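Along the sequence shown, residues carry numbers from 1. Note that the structure is a prediction, hence the values are computed from the model and not measured.
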Amino acid sequence: MAGTGAKIKLLIITPSLKCGGSEKYVSLLCNNINAEKFSVCLVILNNADAFYEIENKAVNVIDLKESRVRFSLFKIKKAVKSFQPDIIYTTANHLNLYLAIFRGGFPKSIKFIARESSIVSINSRRAKMPWLYDRLIKKYLNRFNFIICQSAYMQQDLISNYNITADRTVVIYNATKTGLKNHAEIPGRTTTGKIYKFITVARLSEEKGIERLIHAVGLLSLPCTFYIIGEGDKRKDLQNLVNELQLQDKVFFEGQKDEPFKGKEDADLFLMGSYYEGFPNALLEAQALGLPVIAFNVPGGIGEIIVDGENGLLVDDNDILGFASAVKHGLSIHPMANVFNRNKIIENTEKRFSVSILIPQVEKLFMKLLSGSI
């Protein structure tokens, strides 16, 4: 255990640094953690095809080069024995469960903290054997000393469905880089000849609901372009849908990008079609640029980010017509529309979700747990 004045030895375990919300969180934490208070070792199960980079040279990065979580236990234990951490911090659902099951194989003095990256009761339905996955979570997840939740919705899900007591959980939102400036011209009421620009940044997978956005854009009669940035296994199906609806001149797939918003800062709206979300990083990035968001009001943290009418609009889940209508309301062309104050959106994002605010909250939790004050 770290003594008085000694650095806290923190070992973070993540499956990868590929493009994704959990992976981005890990990179932000490692790159911004207070190196005067923490000595950090990042264990990556497989760092092939890394999207995010650990720029903080004070962080010791270990690549286990394992293709599956279930094959990693011996190497994880070896890293733990070598580093002798005060805290082990795991950052993904399936990895959390795996470490919880084998918690007894590690020194009792180590504090175990999990960060849940999705809504557990919904995410478990996607497992190969949902009933078994759910039972294992109920049995083993409470072996963690503490669980960090991305949203209040996620916290309540754990408390209600998995016998996790409230005093062993905390809500710490995802952070995003702020201090950004949106140089786009704020649209006014005079819009003759304007071609509206919409953007979404998401993995092209089932739960992201991209097909709902395509259908909604197809219902719009106004001149517009819709740029979809991201990759995934639904790419072909989504392109077929665009072809079927004859939207090839409106909807464009741009693939995965290191800087997904670059060149799209002048977008009129950010569209989000997800069926559920933990706490979407892409939405935060859009807000940091002052982009208003149109999203479905679904389980998860979206409703904790969007203040309806101030930084975006929320639509009843699966109401495609309502979504198309909300897009019109979100633009200045509608006589009853609110013209969003983009500078205010940027300022509020800075106050609520900046790295400089949220990373210290994580550090404070670690220190309080080690001190025994929680």
Using a 3.5 Å distance criterion without hydrogens, assess whether the side chain of [X] forms a donor-acceptor pair with backbone atoms of [Y].
X	Y	answer
D268	Y196	no
S160	Q156	yes
D157	S121	yes
N311	V307	yes
D317	V298	no
T200	M272	no
E116	V120	no
S39	K9	no
N96	A92	yes
N142	I164	no

Problem set entry | Whether over 12 other heavy atoms sit under 6.0 Å from Q248 CD |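 Yes, CD of Q248 has more than 12 neighbouring heavy atoms, counting only those of other groups under 6.0 Å.
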
For this session: Take R126 and E207, measure what salt bridge (charged side-chain N to carboxylate O under 4.0 Å, His left out) needs, and give me the verdict at the end.
Result: CA-CA 10 Å; R126 302 171 60 199; E207 73 277 9; 3.6 Å; yes

For this session: Can you measure from CG (N31) to NZ (K57) and round to the nearest 0.5 angstrom?
Result: 9.5 Å

For this session: Give, for atom SG of C224 and atom CG of D249, the distance between the pair rounded to the nearest 0.5 Å.
Result: 9.0 Å

Considering all heavy atoms of both residues, which atom of [X] and which atom of [Y] are nearest to each other, and what is their separation?
X	Y	result
S371	K368	OG-O, 2.8 Å
D63	L45	OD1-O, 3.8 Å
I12	C30	CD1-SG, 3.9 Å
I320	R212	CD1-CB, 3.7 Å
V315	A326	CG2-CB, 3.6 Å
N93	S117	OD1-OG, 2.9 Å

Any chance the side chains of [X] and [Y] put a donor and an acceptor closer than 3.5 Å?
X	Y	value
S16	N46	no
T169	Q155	yes
Q239	N243	yes
Y275	E206	no
N174	Q150	yes

For this session: Take I113 and I88 through the side chain to side chain contact (heavy atoms under 4.5 Å, CB included) test and state the conclusion after the steps.
Result: CA-CA 6 Å; I113 301 178; I88 292 177; over 6 Å; no

For this session: Please find out if less than 6.0 Å separates the ring center of Y140 from that of Y98.
Result: no

Is the shortest side-chain N to carboxylate O distance from [X] to [Y] below 4.0 Å?
X	Y	answer
K7	D86	no
K208	E277	yes
E347	K351	no
K264	E254	yes

Exercise. With a cut-off of under 6.0 Å to the ring centre and 45° to the axis, is K111 in cation-pi contact with F146?
Worked result: no

Exercise. Between R115 and Y89, is NZ or CZ placed under 6.0 angstrom from the six-membered ring centre and within 45° of the ring axis?
Worked result: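 No, a cation-pi geometry is absent between R115 and Y89.
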
Problem set entry | Chi angles and distances behind the side chain to side chain contact (heavy atoms under 4.5 Å, CB included) call for L291, L269 | CA-CA 6 Å; L291 300 183; L269 296 170; over 6 Å; no

For this session: Would you check, one step at a time, whether the test salt bridge (charged side-chain N to carboxylate O under 4.0 Å, His left out) holds for E66 with K75?
Result: CA-CA 9 Å; E66 287 292 351; K75 290 184 178 180; 3.2 Å; yes

Problem set entry | hydrophobic_cluster_shared for L141 and L73, side chain cutoff 4.5 Å |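 Same cluster: L73 reaches L141 through Ile, Leu, Val, Met, Phe, Trp or Tyr contacts under 4.5 Å.
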
Exercise. So do the side chains of F106 and I76 get within less than 4.5 Å of each other, counting heavy atoms only?
Worked result: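 They are in contact (side-chain heavy atoms under 4.5 Å apart), so the answer is yes.
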
Exercise. Can you find a heavy atom in the side chain of I345 that is under 4.5 Å from one in the side chain of P292?
Worked result: yes

Scan the side chains in residues 129-136 for donor-acceptor partners under 3.5 Å anywhere in the protein, sequence neighbours excluded, and list what turns up.
residue, atom, partner, partner atom, Å
D134, OD1, S124, OG, 3.2
D134, OD1, Y162, OH, 2.5

For this session: Step by step, work out the ring pair (Phe, Tyr, Trp, His ring centres under 6.0 Å) result for F253 and Y227.
Result: CA-CA 6 Å; F253 294 91; Y227 297 95; over 10 Å; no

Problem set entry | Stepwise ring pair (Phe, Tyr, Trp, His ring centres under 6.0 Å) test for F296 and Y276 | CA-CA 9 Å; F296 290 103; Y276 67 95; over 10 Å; no

For this session: Any chance you could lay out the side chain to side chain contact (heavy atoms under 4.5 Å, CB included) test for N60 and L42, step after step, and finish with the verdict?
Result: CA-CA 6 Å; N60 179 29; L42 174 62; over 6 Å; no

Problem set entry | Verdict with supporting geometry, D237 and L241, side chain to side chain contact (heavy atoms under 4.5 Å, CB included) | CA-CA 6 Å; D237 291 341; L241 176 61; over 6 Å; no

Problem set entry | L29, I13, I148, V26 screened by side chain to side chain contact (heavy atoms under 4.5 Å, CB included) with T91, the one that passes | V26

What pairs of donor and acceptor atoms, side-chain ones from residues 356-366 against any protein atom, are under 3.5 angstrom apart with sequence neighbours left out?
residue, atom, partner, partner atom, Å
S356, OG, S354, OG, 3.1
E363, OE2, N34, N, 2.8

For this session: Check the pair F252, F226 against ring pair (Phe, Tyr, Trp, His ring centres under 6.0 Å), reporting the backbone distance first and the verdict last.
Result: CA-CA 6 Å; F252 304 96; F226 177 36; 9.6 Å; no

Problem set entry | Residue pairs, two or more places apart or on separate chains, that pass ring pair (Phe, Tyr, Trp, His ring centres under 6.0 Å) and touch residues 43-78 |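 Non-adjacent pairs meeting ring pair (Phe, Tyr, Trp, His ring centres under 6.0 Å): zero.
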
